[in-house]
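Structure record follows, encoded as structure tokens.
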Amino acid sequence: MLTNLPNLLTLARIGAIPLVVALLYSPAPLARWLALVVYTAACITDYYDGKLARDRGLVSPLGRFLDPIADKLLVASILLLLIASGDISGLTVIAALVILFREILVSGLREYLAEISVPVPVSRLAKWKTGAQMVSLGLFIMAPVIPEILPLGELLLWAAAVLTAATGWDYLSHGLKHMMND
């Protein structure tokens with residue numbers, strides 16, 4: 001059902017993306033703070049939409065479909081904008097590309113495995129990956145206002161890239177077993 005609270009939280013996360021992007025285009029420090037607030041709220045919904053769905057018995061096919069898409073849209077949008085603006089630059093762009101590559105790979109893999117009715121549960125390591133991505137992007141959002149946090153943002157983005165590669169390999173290995181049996 002589209003109007004249950006978990007699905008509304010997921011839709012709110014998707015709806016927050018254009019607002020965060022618009023705020024990041026402004027050079028004003030206040031805009032960065034507002035972008036961080038909206039981005040943080042969107043990240044928090046990622047936790048609560050799933051928790052509420054499970055706790056209240058509101059898990060739905062729509063929610064299972066929209067939740068990972070909302071996550072990927074949020075992360076990819078912010079990564080691409082931060083690269084385009086130069087906030088993520090140099091070799092750190094490689095970490096961002098690893099993240100984007102894995103997200104596309106896993107999305108395709110999930111689609112294929114869904115066609116053959118093979119579930120792909122989210123691993124604990126993937127949850128850590130998402131957390132590292134979200135925190136690092138929050139730090140990058142604020143780095144122009146608080147430059148001292150940039151090294152931590154870069155470190156966390158690289159950590160997220162390593163976790164991203166590990167979870168991507170784990171999902172791909174799982175998927176290849178099913179692909180080779182066909």
Side-chain angles (χ1 to χ4, degrees), residues 5-53 63 66-107 122-168 171:
L5 182 57
N7 288 345
L8 290 174
L9 289 173
T10 301
L11 291 171
R13 185 161 67 256
I14 294 169
I17 296 168
L19 181 56
V20 174
V21 167
L23 288 166
L24 289 175
Y25 272 106
S26 172
L30 178 60
R32 286 287 176 146
W33 283 104
L34 292 173
L36 180 66
V37 168
V38 175
Y39 172 75
T40 301
C43 291
I44 289 169
T45 68
D46 183 37
Y47 172 77
Y48 281 106
D49 60 3
K51 179 169 177 33
L52 288 171
L66 282 179
D67 183 63
I69 288 173
D71 297 344
K72 287 167 183 39
L73 288 173
L74 180 64
V75 168
S77 298
I78 303 303
L79 277 173
L80 290 172
L81 185 65
L82 292 171
I83 291 169
S85 68
D87 292 319
I88 294 176
S89 61
L91 289 177
T92 307
V93 171
I94 294 170
L97 291 175
V98 166
I99 292 167
L100 291 171
F101 179 81
R102 182 263 190 201
E103 298 305 343
I104 293 167
L105 176 76
V106 170
S107 293
V122 176
S123 69
R124 183 175 303 271
L125 193 59
K127 290 181 184 280
W128 280 98
K129 177 251 339 160
T130 300
Q133 284 176 1
M134 290 181 170
V135 172
S136 70
L137 293 180
L139 293 171
F140 273 104
I141 287 170
M142 292 310 299
V145 178
I146 309 169
E148 302 82 32
I149 63 175
L150 182 59
L152 181 56
E154 289 175 339
L155 180 67
L156 275 176
L157 192 65
W158 279 104
V162 168
L163 292 172
T164 296
T167 59
Y171 288 137

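For the single chain, residues carry numbers from 1 onward in sequence order. The model shown is predicted, which means the values in this text are computed figures rather than measured ones.
By the side-chain contact (heavy atoms from CB on, under 4.5 Å) test, Ala53 is found to be paired with Pro6, Val59, residues two or more places apart in sequence or in another chain being considered. Here Lys127 pairs with nothing under the salt bridge (charged side-chain N to carboxylate O under 4.0 Å, His left out) rule; sequence neighbours left out. Residues passing the side-chain contact (heavy atoms from CB on, under 4.5 Å) test with Leu156, sequence neighbours excluded: Val135, Ser136, Leu139, Leu152. Every residue two or more places apart in sequence or in another chain that forms a side-chain contact (heavy atoms from CB on, under 4.5 Å) with Leu19 is listed here: Leu23, Val38.
The CG atom of Leu74 sits 8.0 Å away from atom CG of Leu137, with the distance rounded to the nearest 0.5 Å. Taking CZ from Arg124 and NZ from Lys129, the interatomic distance works out to 15.0 Å, rounded to the nearest 0.5 Å. Atom CD1 in Ile78 sits 5.0 Å away from atom CD1 in Ile141 (nearest 0.5 Å).
Using modelled atom types, no side-chain atom of Tyr171 and backbone atom of Leu105 make a donor-acceptor pair closer than 3.5 Å.
Taking each heavy atom of Val106 and Gly168 in turn, the nearest pair found is CG2-CA, 4.4 Å. Considering all non-hydrogen atoms of both residues, Pro18 and Gly15 come closest at CD-O, 3.2 Å. Taking each heavy atom of Ala166 and Leu125 in turn, the nearest pair found is CB-CD2, 4.2 Å. Of all heavy-atom pairs spanning Leu163 and Ala132, the tightest one is CD1-CB, 4.4 Å.
Residue pairs meeting the side-chain hydrogen bond (donor to acceptor under 3.5 Å, both in side chains) criterion with at least one partner in residues 147-165, sequence neighbours excluded, are Gln133-Thr164. For residues 66-83, the pairs satisfying side-chain hydrogen bond (donor to acceptor under 3.5 Å, both in side chains) are Arg13-Asp67, Arg13-Asp71, Lys72-Glu103, with sequence neighbours left out. Listed by first and then second residue, the side-chain hydrogen bond (donor to acceptor under 3.5 Å, both in side chains) pairs that reach into residues 14-40 are Arg32-Asp87, sequence neighbours excluded.
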Distance-only check: which donor-acceptor pairs under 3.5 Å involve side-chain atoms of residues 88-102, not counting sequence neighbours?
unit_1 : atom_1 : unit_2 : atom_2 : d
Arg102 : NE     : Thr167 : OG1    : 3.2
Arg102 : NH2    : Thr167 : OG1    : 3.1

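A 4.5 Å side-chain heavy-atom check between Phe140 and Leu150 finds at least one atom pair inside the cut-off.
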